[in-house]
Amino acid sequence: MPKTSHSPASMPGPPTGASPRRGRRRSLRDWTSTEPGAWSIVLFPSLAAWAATGPTWTSTWLVALWAVCYCVQFTASRWCKSRFRRRYLTPMLTYALILAAAGVPFLVLHPAILWWAPIYAVLCGVSLLASWMRRERSLWSNLAAVLASSAMAVVVAPFGSRCPAPSATDRLTWPVAPALFPGVGVEIAVSFALALFGSVLFVKTMIRERGRRGYLHASWTYHAVLVAVGFLCDVLYGVLALALFARAVALPLVARRRPVPVKAVGITESVMSLLMLVLIPLGA
């Protein structure tokens with residue numbers, strides 16, 4: 001029987017070296033963050049403020065919106081880094097539509113939160129610029145990420161049940177009004193910013209800047225100062241800073257004698273992040 005254009009022998013097969021399973025895995029990675037540790041950096045400051053100020057439906061809604069914001073950010077960063085490849089456009093637009101659908105009602109109910117828009121526009125711009133330049137792991141890009149995630153503690157705190165409800169006048173004068181700029185949110189934000197920037201320095205001494213004495217000495221000095229400041233403010237902060245200092249000193253010394261897997265560094269940072277999540281709200 002002669003082969004026709006519809007016979008199996010004439011049908012095009014999958015490209016050489018490709019498989020449906022590999023294609024599915026690649027498609028899934030387009031929608032998810034490839035850095036699991038980034039989720040703790042992004043969410044823990046806002047979760048700490050959410051817990052410390054008393055969870056409410058509004059604060060829970062805001063934390064969820066912040067998680068979707070991160071999904072928009074990391075997909076937009078990939079899109080910029082790839083020089084606007086269509087592959088990364090669909091995840092970014094999908095997350096952006098979800099954010100708009102869930103976020104616009106929040107803005108209608110709480111328009112004063114737009115006071116934060118210029119700050120986050122600048123921080124987001126820095127992040128996207130770093131991705132475009134393929135410098136997303138640079139110190140200045142990491143600092144922008146730390147500031148953005150830490151500041152969310154201040155954004156979330158006013159919506160907690162333990163914070164005084166703002167009056168109509170407060171809503172007009174926000175963020176000057178203390179009721180919408182609670183000290184506990186500021187304290188949690190500053191604590192996380194200091195601790196997370198120490199984590200940035202430590203990770204660099206273990207991976208990208210491993211063996212560079214300048215980074216190592218900067219990390220050790222920074223963490224030593226953090227211990228002193230921590231104990232001056234609160235015992236719990238001091239204990240946290242001491243734990244951060246211990247891992248910042250011990251692991252680089254171990255790495256001089258034997259290889260330390262990247263996974264071990266990641267696990268260590270996960271434990272330190274959990275300590276931050278527990279001790280910082282208690283100290284605040």
Side-chain angles (χ1 to χ4, degrees), residues 37-54 63 66 119 123 139-158 160 162-163 178 181-207 209 212-255 260 264-284:
W39 280 104
S40 60
I41 295 176
V42 169
L43 289 178
F44 279 9
S46 54
L47 286 175
W50 174 82
T53 59
V63 172
W66 176 238
I119 296 173
L123 294 174
L139 198 58
W140 53 274
S141 177
N142 293 153
L143 178 59
V146 166
L147 291 176
S149 60
S150 300
M152 276 304 297
V154 186
V155 182
V156 171
R162 300 191 186 101
C163 291
F181 204 68
V184 64
V186 175
E187 186 173 339
I188 290 173
V190 172
S191 300
F192 265 101
L194 293 174
L196 290 175
F197 188 70
S199 293
V200 168
L201 291 176
F202 162 70
V203 171
K204 288 191 178 299
T205 64
M206 295 300 298
I207 302 176
E209 308 297 339
R212 292 186 59 178
R213 291 186 177 182
Y215 264 93
L216 188 61
H217 293 162
S219 175
W220 287 357
T221 302
Y222 180 87
H223 282 88
V225 172
L226 205 60
V227 171
V229 173
F231 276 111
L232 284 174
C233 296
D234 189 276
V235 173
L236 291 176
Y237 292 154
V239 170
L240 173 61
L242 195 59
L244 297 175
F245 177 74
R247 68 91 164 82
V249 172
L251 281 185
L253 292 178
V254 171
V260 177
V265 177
I267 292 173
T268 301
E269 284 310 282
S270 296
V271 173
M272 293 297 106
S273 297
L274 288 173
L275 276 178
M276 295 178 203
L277 182 60
V278 172
L279 295 180
I280 290 178
L282 289 176

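The residues of the chain are indexed from 1 along the displayed sequence. The figures here come from the full heavy-atom set of this structure, side chains too, leaving out hydrogens, waters and symmetry mates.
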> Report the C-alpha separation of Val200 and Leu196 in whole Å, then their side-chain angles, then the decisive distance to 0.1 Å, and conclude whether the side-chain contact (heavy atoms from CB on, under 4.5 Å) test is met.
CA-CA 6 Å; Val200 168; Leu196 290 175; 5.8 Å; no
> Scan for salt bridge (charged side-chain N to carboxylate O under 4.0 Å, His left out) pairs involving residues 223-239, sequence neighbours excluded, and state none if there are none.
none
> Return the minimal non-hydrogen interatomic distance between Pro252 and Leu216, and the atom names on each side.
CB-CD1, 3.6 Å
> Please give me the minimum heavy-atom distance between Gly185 and Ala157, naming the atom from each residue.
CA-CB, 3.7 Å
> Under a 4.5 Å cut-off applied to non-hydrogen side-chain atoms, are Phe192 and Met152 in contact?
no
> By side chain to side chain contact (heavy atoms under 4.5 Å, CB included), which residues pair with Ala51, not counting sequence neighbours?
none
> Just grab all the salt bridge (charged side-chain N to carboxylate O under 4.0 Å, His left out) pairs involving residues 275-284, residues at least two apart or on different chains.
none
> Are the side chain of Thr221 and the backbone N or O of Ala218 linked by a donor-acceptor pair below 3.5 Å?
no
> Taking the side chain from Trp66 and the backbone from Ser149, do they hold a donor-acceptor pair closer than 3.5 Å?
no
> Is Val229 close to Tyr237 at the side-chain level, that is, under 4.5 Å between some pair of heavy atoms?
no
> Residues in side chain to side chain contact (heavy atoms under 4.5 Å, CB included) with Ala224, at least two apart?
Phe245
> Minimum heavy-atom separation for Phe202 to Val265, with atom names?
CE2-CG1, 4.1 Å
> Looking at residues at least two apart in the chain, or sitting in another chain, which of them share a side chain to side chain contact (heavy atoms under 4.5 Å, CB included) with Val235?
Val239
> Contact between Ile188 and Trp50 at the side-chain level, heavy atoms closer than 4.5 Å - yes or no?
no
> Give, for atom NZ of Lys204 and atom CG of Asn142, the distance between the pair rounded to the nearest 0.5 Å.
4.5 Å
> Flag the pair Leu244 / Val227 as yes when at least one side-chain heavy-atom distance between them is below 4.5 Å, and no otherwise.
no
> Do Leu201 and Thr205 make a side-chain contact, defined as non-hydrogen atoms from C-beta onward lying under 4.5 Å apart?
no
> Does Ser46 reach the main-chain N or O of Leu43 with its side chain, forming a donor-acceptor pair under 3.5 Å?
yes
> Do Ser199 and Ile41 come close enough that some side-chain heavy atom pair is under 4.5 Å?
no
> Please list every donor-acceptor pair under 3.5 Å in which a side-chain atom of residues 272-284 meets a protein atom from a residue at least two apart or in another chain.
from   : atom 1 : to     : atom 2 : distance (Å)
Ser273 : OG     : Glu269 : O      : 2.8

> Indicate yes or no for a side-chain donor-acceptor contact from Ser150 to the backbone of Leu147 under 3.5 Å, with no hydrogens or angles considered.
no
> Determine yes or no for a side-chain-to-main-chain donor-acceptor pair under 3.5 angstrom, with Ser219 supplying the side chain and Tyr215 the backbone.
no
